[in-house]
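To start, the structure itself, in structure tokens.
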There are 2 protein chains.
Amino acid sequence: MTDGHESAPTGVRRTTRQRTAVSSALAETGGFLSARDLHDRLAAQGERVGIATVYRTLASLASTGEVDVLLRDDGESVYRRCSSAHHHHLVCRECGRTEEVTGPTVEAWATAEAERHGFRDVRHTVEITGICATCTL
Amino acid sequence: MTDGHESAPTGVRRTTRQRTAVSSALAETGGFLSARDLHDRLAAQGERVGIATVYRTLASLASTGEVDVLLRDDGESVYRRCSSAHHHHLVCRECGRTEEVTGPTVEAWATAEAERHGFRDVRHTVEITGICATCTL
DNA sequence: GTGAACATGAGAATCAGTATCAACTAGCGC
DNA sequence: GCGCTAGTTGATACTGATTCTCATGTTCAC
Ligand SMILES: [Zn+2]
Ligand SMILES: [Zn+2]
Ligand SMILES: [Zn+2]
Ligand SMILES: [Zn+2]
């Protein structure tokens, strides 16, 4: 209220040890990791990164589409470095193995169904889970 | 540790004032309600029900399929009395209005896609959101 | 009625995620 | 290199949802 001593980020994204660490840790892993998983993994590697920074970095990466965010059934969010094109996931409930899947059919269905009900600006989330071949053995 | 004074529920579901209250409150509402919404609504009606009981009742109703559970983006769960047949939801991001939708197409696609990857015991979640006609005006 | 099994609720505990804010540093101009 | 400033960090407090504890209250079969 008094004056302009605030620091409203102008959009400049700096490279820091922490951000690099989070990105690489994420890149080294195929599956989904929660913020805490990532934090622990970094700690194990000797990379000290505050949990708050992990969350901030993940949010940032997610906003640029560099990682996918999945809200697990228990409410915890998990992140994964992902192709940026629109797709969905097929996740193994046993081992967490993940496959990316696409479905033009679903996309069309979702849009059509929404329009039929007069909805606009449509978005959707689709997740498929199951037990993968390996875990079935 | 001493003897068998424990109380491992054997599956008998009793009728109580609280459970009835939660069920009716849920039935009176068309849309989704969070546990807290429900708790507040009951309180407003003069029905004193502990929040823990609300959660327990909702969990119970959800397990029998009497209500649907939706995990919102912010991580809070919302509940709604629902038809028991398998279906999905089309929700307005503005007013919360909800439509139930079904899609043989999606069901088939999800199953086929999962099998193609060797997954079994497949389940899926599909949610469509948008802005409804009323909110567009 | 009785009593054992079940249910309740106040409050503590848990837990993911966010807000604070003083200390820190990348990147830029010199 | 040097210094400056805006962007970053992280220890920690906090929030808000959901679960746990356990002493006390109820339901319902017999
Ligand atoms: Zn598996
Ligand atoms: Zn899609
Ligand atoms: Zn609406
Ligand atoms: Zn379905």
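Proteins get letters first, then strands, A, B, ... in listed order; numbering begins at 1 in each. Everything quoted here is computed from the prediction, not taken from an experiment.
Taking 3.5 Å as the limit, the base of D:dG10 and the side chain of A:R56 contain a donor-acceptor pair of atoms between them. Put simply, the side chain of A:R36 and the base of C:dA16 share no donor and acceptor less than 3.5 Å apart.
Side-chain atoms of A:R17 and A:T20 include no donor-acceptor pair closer than 3.5 Å. No donor-acceptor contact under 3.5 angstrom links the side chains of B:R80 and B:T98, judged on distance only. Donor-acceptor pairing under 3.5 Å is lacking for the side chains of B:T125 and A:E127. No side-chain donor-acceptor contact under 3.5 Å links A:H88 and A:E99.
Look at OH on B:Y79: it is 10 Å from C1' on D:dA17, rounded to the nearest Å. Rounding to whole angstrom units, CZ of residue A:R19 and P of D:dT9 are separated by 4 Å. For A:D74 and C:dA16, the CG to C1' distance is 10 Å, given to the nearest whole Å. The NE2-C1' distance, from B:H39 to C:dG9, rounds to 9 Å in whole Å. Spacing between atom CG of B:D73 and atom C1' of D:dG16 amounts to 17 Å, rounded to whole angstrom units. Between A:L58 atom CG and D:dT9 atom P the separation is 12 Å, expressed in whole Å. The distance from atom CD of B:E76 to atom P of C:dA16 is 17 Å, rounded to the nearest whole Å. Rounded to whole Å, the distance from CG on B:D40 to P on D:dG16 is 13 Å.
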Practice prompt. Output, in order, the C-alpha distance, side-chain angles, deciding distance and verdict of side-chain contact (heavy atoms from CB on, under 4.5 Å) for A:T29 and A:R81.
Written response: CA-CA 8 Å; A:T29 316; A:R81 193 157 164 290; over 6 Å; no

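The six-membered or imidazole ring of A:H86 lies near that of A:H124, with a centre-to-centre distance under 6.0 Å.
Proximity of A:Q18 to the phosphate of D:dT8: no side-chain N or O atom is located under 4.0 Å from OP1 or OP2. For the OP1/OP2 pair of C:dA16 and a distance below 4.0 Å, the side-chain nitrogens and oxygens of A:S34 include no atom meeting the criterion. Note on B:T16: every side-chain N or O is 4.0 Å or more away from OP1 and OP2 of C:dC6.
Distance from the side chain of B:R14 is smallest to D:dC28 among C:dA16, D:dC28, D:dG10. Distance from the side chain of A:R13 is smallest to D:dT8 among D:dG10, D:dT8, D:dT18. Side-chain atoms of B:A52 lie closest to D:dC20 of the nucleotides D:dG10, C:dG27, D:dC20. Picking from D:dC28, D:dG10, D:dT18 the nucleotide with the shortest atom distance to the side chain of A:R17 gives D:dG10. Of the listed nucleotides (C:dG17, D:dT8, D:dT19), C:dG17 has the atom at the smallest distance from the side chain of A:Y55.
The CG atom of B:D37 sits 10.5 Å away from the CG atom of B:L42 when rounded to the nearest 0.5 Å. For the atom pair CZ of B:F32 and CG of B:L38, the computed distance is 13.0 Å after rounding to the nearest 0.5 Å.
The C1' atoms of five pairs define one axis at each end of the helix from C:dG1-D:dC30 to C:dC30-D:dG1, and these two axes lie 30° apart (to 10°).
Counting any heavy atom pair closer than 4.0 Å across all strands shown, A:S77 reaches sugar-phosphate atoms only and no base atom.
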